[in-house]
Amino acid sequence: MKILFVSPDPKPQRWITLLQAALPDAQWIVWHADLPPQQADYALVWQPPAELFEREPGLKALFNLGAGVDALLRLPALPRTLPIYRLEDAGMSAQMAEYLLHQIAEITRSMPVYRQQQQQQIWKMQPPCRRHEWPIGFLGLGHISQKAARLLQLLEYPVSCWSRSPKQLDGIHSYSDDNELPAFLKNTRILINTLPLTPETAGCLNQSLFTQLPPNSVLINVGRGQHLQEQDLLSALDSGTLQQAVLDVFATEPLPAEHPFWKHPKITLTPHMSAPTLREETVRQITDKLKALAQGLTITGEVDRQRGY
Ligand code: NAP
């Protein structure tokens with residue numbers, strides 16, 4: 001079995017060492033621009049160049065080195081019927097749960113006020129968090145967000161989700177379909193976007209959505225930057241429709257130096273670090289799937305090209 005590793009990672013050998021150890025019978029090859037055609041069976045990819053598909057027409061499947069496949073599906077050279085497998089959790093959901101809990105506790109437990117008080121040597125307890133005042137709603141409840149939703153529900157926050165299909169998770173109120181979106185938004189004060197970026201979801205974080213949330217709501221975007229209408233967010237923060245926003249993903253990354261988000265007093269931003277791909281977990285998941293394929297078994301995680309995720 002010949003497998004290409006195709007990624008802009010400047011140190012691909014870190015991956016190859018792990019891949020070879022996990023699947024020693026395979027021939028692992030690092031892709032580079034001058035590599036002649038290899039007649040490879042599979043490719044592990046992140047941001048692959050168009051030439052890959054011209055030079056390797058015999059690929060049986062791609063394994064994406066991330067959960068989101070929006071950039072991959074936008075490639076004009078991507079063969080239409082080539083199966084694509086995305087990462088399913090692979091250590092990302094625990095990181096995401098931790099990130100979200102941290103950001104939410106910052107807000108609901110008045111942590112910025114305590115930091116200010118420390119500077120002034122003020123010993124004063126702020127009003128305790130009344131969880132019922134902070135209902136949390138997840139837009140999308142897939143591999144990345146289910147652990148976070150369960151964790152927050154365990155901590156007795158009211159938690160609900162909105163997804164394409166209804167979910168059955170103990171203690172989590174599930175909404176689905178467009179007709180249930182208004183009721184979901186009305187009952188959400190901390191809105192967490194974990195949707196994949198697809199033609200249907202692009203631009204969904206907009207003024208019309210923000211105005212359906214209760215006053216003083218909070219937006220946390222860990223999906224993709226292109227979900228957010230940036231001007232609508234700035235207006236919603238100025239008008240008080242939204243109290244605060246936490247942004248981990250941006251339409252342009254790195255965020256340009258002159259961008260108004262950097263210094264906005266109501267925006268907390270992080271550089272797309274909420275749930276990065278982890279090498280060991282990723283290698284284990286993909287090599288397990290390759291072994292299963294070699295035994296003629298079916299594997300999970302295939303991207304549905306129609307739905308776009
Ligand atoms: P997933 O398992 O495919 O889950 C996607 C969820 O979104 C599902 O609940 C799905 O509904 C729902 N959904 C998709 N399109 C919808 C629509 N049009 N209307 C309503 N619901 C819709 O994906 P995942 O692994 O959780 O990852 C989600 C996204 O998170 C990725 O695509 C990526 O963009 C982002 N992400 C960000 C980071 C980061 O570091 N910031 C890390 C990893 C992933 P159904 O369940 O009904 O299909």
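Note that the structure is predicted; figures quoted are calculated from it, not measured. Numbering starts at 1 and runs along the sequence shown. Heavy atoms only: backbone and side chains are in, while hydrogens, waters and symmetry mates are out. Order of listing sets the numbers, starting from 1, for every ligand and every atom in it.
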Regarding Lys167 and Ser165, do their side chains bring together a donor and an acceptor under 3.5 Å, going by distance alone?
yes

Check this for me - ligand 1, Met96, N or O atoms closer than 3.5 angstrom, yes or no?
no

Is the closest heavy-atom distance from Met273 to ligand 1 below 4.0 Å?
no

Check this for me: does any side-chain nitrogen of one of Glu106 and Arg115 sit under 4.0 Å from a carboxylate oxygen of the other?
yes

In this structure, does ligand 1 have an atom that sits under 4.0 Å from one of the heavy atoms of Arg86?
yes

Residue, atom name and distance, where the atom is the protein heavy atom closest to atom 18 (N) of ligand 1
Glu200 OE1, 3.0 Å

Closest candidate by heavy atom, reference atom 44 (C) of ligand 1, pool Asp70, Thr194, Ile144
Ile144

Please write down residue, atom name and distance for the protein heavy atom closest to atom 9 (O) of ligand 1.
Leu141 N, 2.9 Å

Of the backbone atoms (N, CA, C, O) and the side-chain heavy atoms from C-beta on, which set of Arg164 has a member under 4.0 Å from an atom of ligand 1: side chain, backbone, both, or neither?
both

Between the side chains of Glu56 and Lys2, is the shortest nitrogen-to-carboxylate-oxygen separation below 4.0 Å, so that they form an ion pair?
no

Run the contact test for Glu88 against ligand 1 with a 4.0 Å cut-off on heavy atoms, strictly below, and give the result.
no

List the atom of Pro158, the atom of Arg131, and the distance in Å for their closest heavy-atom pair.
CD-O, 3.3 Å

Please state which protein non-hydrogen atom is closest to atom 36 (N) of ligand 1 and give its distance, to 0.1 Å?
Val222 O, 3.9 Å

Linking I/L/V/M/F/W/Y whenever their side-chain heavy atoms sit closer than 4.5 Å, directly or via other members, would Leu75 and Leu197 fall into one cluster?
no

Assess, by modelled atom type and distance only, whether the side chains of Thr201 and His227 contain a donor and an acceptor separated by less than 3.5 Å.
yes

Nearest heavy atoms of Ile172 and Arg150, plus distance in Å
CD1-N, 4.1 Å

Is there a side chain to side chain donor-acceptor pair (under 3.5 Å) between Thr300 and Glu88 once you walk through the steps?
CA-CA 8 Å; Thr300 58; Glu88 300 173 282; 2.7 Å; yes

Tyr157 with Ile192, same ILVMFWY side-chain cluster at under 4.5 Å
yes

Going by the atom numbers of ligand 1, which of them fall below 4.0 Å from some non-hydrogen atom of Ser274?
39 (C), 40 (O), 41 (N)

Option nearest atom 35 (C) of ligand 1 (shortest heavy-atom distance, choices Gly140, Gly68, Gly223):
Gly223

Report the member of Ala275, Ser165, Ser176, Gly308 with the shortest heavy-atom distance to atom 40 (O) of ligand 1.
Ala275

Quick check on contacts: which atoms of ligand 1 are under 4.0 angstrom from a heavy atom of Thr201?
18 (N)

Proximal ligand 1 atoms for Val249, defined as those under 4.0 Å from one of its heavy atoms:
41 (N)

Heavy-atom proximity to atom 22 (C) of ligand 1 ranks first, among Asp177, Val303, Leu195, Leu139, for Leu195

List ligand 1 atoms under 4.0 Å from Arg307, heavy atoms only on the residue side.
48 (O)

Is the backbone N or O of Gln117 less than 3.5 Å from a side-chain atom of Trp123, with the two atoms forming a donor-acceptor pair by type?
no

Measure the distance from atom 10 (C) of ligand 1 to every protein heavy atom, then report the residue, atom name and distance (to 0.1 Å) of the closest one.
Tyr309 OH, 3.6 Å

Are any of the N or O atoms of Arg224 closer than 3.5 Å to those of ligand 1?
yes

Out of Pro276, Pro196, Ser163, who is nearest to atom 7 (O) of ligand 1 when you count heavy atoms only?
Pro196

Spell out, as yes or no, whether a donor-acceptor pair under 3.5 Å connects the side chain of Trp28 to the backbone of Leu23.
yes

Hphob cluster co-occupancy, Val249 + Leu219, side-chain heavy atoms under 4.5 angstrom:
no

Number the atoms of ligand 1 from 1 as they appear, then name those within less than 4.0 Å of a heavy atom of His272, with their elements.
39 (C), 40 (O), 41 (N)

Cluster overlap Leu73 with Leu82, hydrophobic side-chain contacts below 4.5 Å:
yes

If you measure from each heavy atom of Asp248 to ligand 1, is any distance below 4.0 Å?
yes

